[in-house]
Amino acid sequence: MTGAAARLADANDFAPGDAATWVARGRSPEHAEALAKAWRDFPDLPADRPLDERMTRTRERVVAIRPVHDAIAADGEAKRRARNFAFMEGKAQAGTISDRDLAILHGRDRHGYGWDDAVRYAGGWYAAHAGWAYDPRPHLTSRHGRDAGREAYDRGFADGGGAPADLFDVARRQIEASTRASNHPVPAPPARPARPLPSSWPLPTDQPRPSRWSRRLLILSQGEARGWPTRARQPSPGPMELLAGLPDAAGMTIVMLIAERGFVDARTTEFTTSEPAAGWADRLIALPSLAASLRSLIDGRDFDDILVTAQGDYLRVVDAASSVLPLCRTMERTRNTPLQQRAHFRTWVERGRSGDGNRGAGHIRWSKLAKGLSGKLGEFTARVGSSRPGHGHSILIELADGVPAFGFVAADGRPLNPEIVIGNKATMRQHMALALRSFTGATRT
């Protein structure tokens, strides 16, 4: 149906004499019935009637509808005032209301002002209370007229201690305001928990020092364990699948949070892919054994690096049991979109260290792919070398002057080759990061 046809159909369906027509257009039942009655009492005359008769009928209907429009406007204004005053009352009950906003409620309760006049009253009261000069400008008007707005402002100014006729009025009130402010007690800063909750931990970066896999703790949930959704609506490999391709990660501690069950060993527990029942997180948090189940999985182990990948209600449950988590050097969590969560997890994985090897830390500065992928860390630069058909892809590690980084050995005395050959180009970035950290942690011979 074209736009013109749709408008024609809508016009044919418009029955102004039926109250349901006006209810469907947002009017209250009372106002809708009054509008419909006006249209029934003064319907449109046929098009073949004289023009003056049709215009007279229209004017009669306008006169009949005018009281309804006035009632609609008055009802909207009453609701606006009620909403505004209710908002201020809520702030007063919560203890977050300011002195100026509190004066609005005083103007209503003491003098019976409506919203606009109460705001003018509060403006005058606060001007006197803060030690400001009297405002003689004529813009202080309200819906009741300029005189009413000026009267509300003047009364508020007087209630706040102002006296415009006094020559020393402003100086006196400024002294009182400064004394009043100095006598106010300094509010105590909000209480902070003894340890930061996992929900407040920062996102993973490549700045922290790499840690041994055996001293790393991963806390995930069954949500992302199934894989992160992608734009193709197909889940990408989850954390467990990505770690399965890293033999060195076998020594890492992995804890999984399963709805309705709590914390379990991720390597030995099967989990379902069904959605948990509503309210499962609150029921789990209420269990006194929740923290104990997490403690039993990490007890007796030392950690330098903790990552939490749980989101939503799962993260809320982790927060509830965080008192048993140890304070360690690096504590982070993934966040934001699934795509970013996956990138954060890969960044964290790349910081794993095996055996007695030494790997450098710091932020790797990557170039744009359009200019050719390269990364810089310290004095070293990793570039993509020339391709070798049938022999994989090469990565070159160079010094700042572009010379290949020969003459470096790892912590175990093994010489490092500045040219690394890989078979899968899709893992180029990960191998470049690993090579850069190996060279920054190496020793020159």
Side-chain angles (χ1 to χ4, degrees), residues 22 25-32 34-35 38 59 61-187:
W22 301 105
R25 283 161 173 77
R27 299 303 180 189
S28 65
E30 296 80 7
H31 296 155
L35 289 170
R59 286 193 292 268
R61 185 170 62 243
V62 169
V63 172
I65 290 178
R66 184 174 295 119
V68 183
H69 286 169
D70 293 341
I72 293 174
D75 182 64
E77 174 62 16
K79 290 180 179 179
R80 181 185 75 92
R81 296 177 180 177
R83 285 195 305 269
N84 292 345
F85 279 125
F87 177 72
M88 292 301 175
E89 291 172 350
K91 293 174 66 175
Q93 294 175 0
T96 60
I97 193 169
S98 64
D99 291 343
R100 184 166 189 163
D101 290 343
L102 189 60
I104 296 177
L105 299 179
H106 291 168
R108 179 198 63 179
D109 299 336
R110 296 176 182 176
H111 306 291
Y113 288 138
W115 173 257
D116 291 336
D117 291 337
V119 171
R120 300 306 180 196
Y121 172 88
W125 181 91
Y126 191 78
H129 178 77
W132 299 345
Y134 177 80
D135 189 354
R137 291 176 294 176
H139 72 276
L140 299 172
T141 61
S142 71
R143 292 175 183 265
H144 300 152
R146 176 172 299 177
D147 294 338
R150 169 58 63 186
E151 185 275 334
Y153 179 88
D154 290 347
R155 179 172 292 183
F157 193 81
D159 288 353
D166 184 0
L167 181 62
F168 302 100
D169 173 57
V170 177
R172 173 181 55 81
R173 289 185 290 104
Q174 286 180 348
I175 294 175
E176 293 177 354
S178 62
T179 305
R180 187 187 311 117
S182 63
N183 289 333
H184 282 173
V186 178

Looking only at heavy atoms, which two atoms of [X] and [Y] are closest? And how far apart?
| X | Y | value |
| --- | --- | --- |
| A128 | G161 | CB-N, 4.2 Å |
| A122 | R100 | CB-O, 3.5 Å |
| A32 | W22 | CB-CB, 3.6 Å |
| A103 | W125 | CB-CE3, 3.8 Å |

For this session: Kindly state whether the ring of F85 and the ring of Y113 have centres lying under 6.0 angstrom apart.
Result: no
Exercise. Checking side-chain contact (heavy atoms from CB on, under 4.5 Å) for the pair L35/H69: CA distance, chi angles, key distance, verdict?
Worked result: CA-CA 9 Å; L35 289 170; H69 286 169; 4.2 Å; yes
For this session: May I have the step-by-step check of salt bridge (Lys or Arg N to Asp or Glu O under 4.0 Å) for D75 and R27, ending in yes or no?
Result: CA-CA 11 Å; D75 182 64; R27 299 303 180 189; over 6 Å; no
For this session: Taking the side chain as every heavy atom from C-beta outward, state whether Y134 and V170 have any pair of such atoms under 4.5 Å apart.
Result: no
Exercise. Is there side-chain contact between D135 and F157, with at least one heavy-atom pair below 4.5 Å?
Worked result: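 The answer is no, as the side chains (C-beta and beyond) never meet within the 4.5 Å cut-off.
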Problem set entry | Summary of salt bridge (charged side-chain N to carboxylate O under 4.0 Å, His left out) pairs that have at least one residue in residues 82-98, sequence neighbours excluded | E89-R108, K91-D101
Problem set entry | Derivation of the side-chain hydrogen bond (donor to acceptor under 3.5 Å, both in side chains) call for H111 and D159 | CA-CA 11 Å; H111 306 291; D159 288 353; 3.0 Å; yes
Please name all residues satisfying side chain to side chain contact (heavy atoms under 4.5 Å, CB included) with [X], sequence neighbours left out, ordered by chain then number.
| X | value |
| --- | --- |
| A92 | I97, L105 |
| I175 | T179 |
| A130 | Y126, W132 |
| P67 | none |

Exercise. What distance separates R120 CZ from I104 CD1, expressed to the nearest 0.5 Å?
Worked result: 10.5 Å
Problem set entry | CD1 on I72 to NE2 on H31, rounded to 0.5 Å |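 Separation between the atoms: 5.5 Å.
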Problem set entry | side-chain hydrogen bond (donor to acceptor under 3.5 Å, both in side chains) partners of residues 163-175, not counting sequence neighbours, each pair once |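 Non-adjacent pairs meeting side-chain hydrogen bond (donor to acceptor under 3.5 Å, both in side chains): D169-R172, D169-R173.
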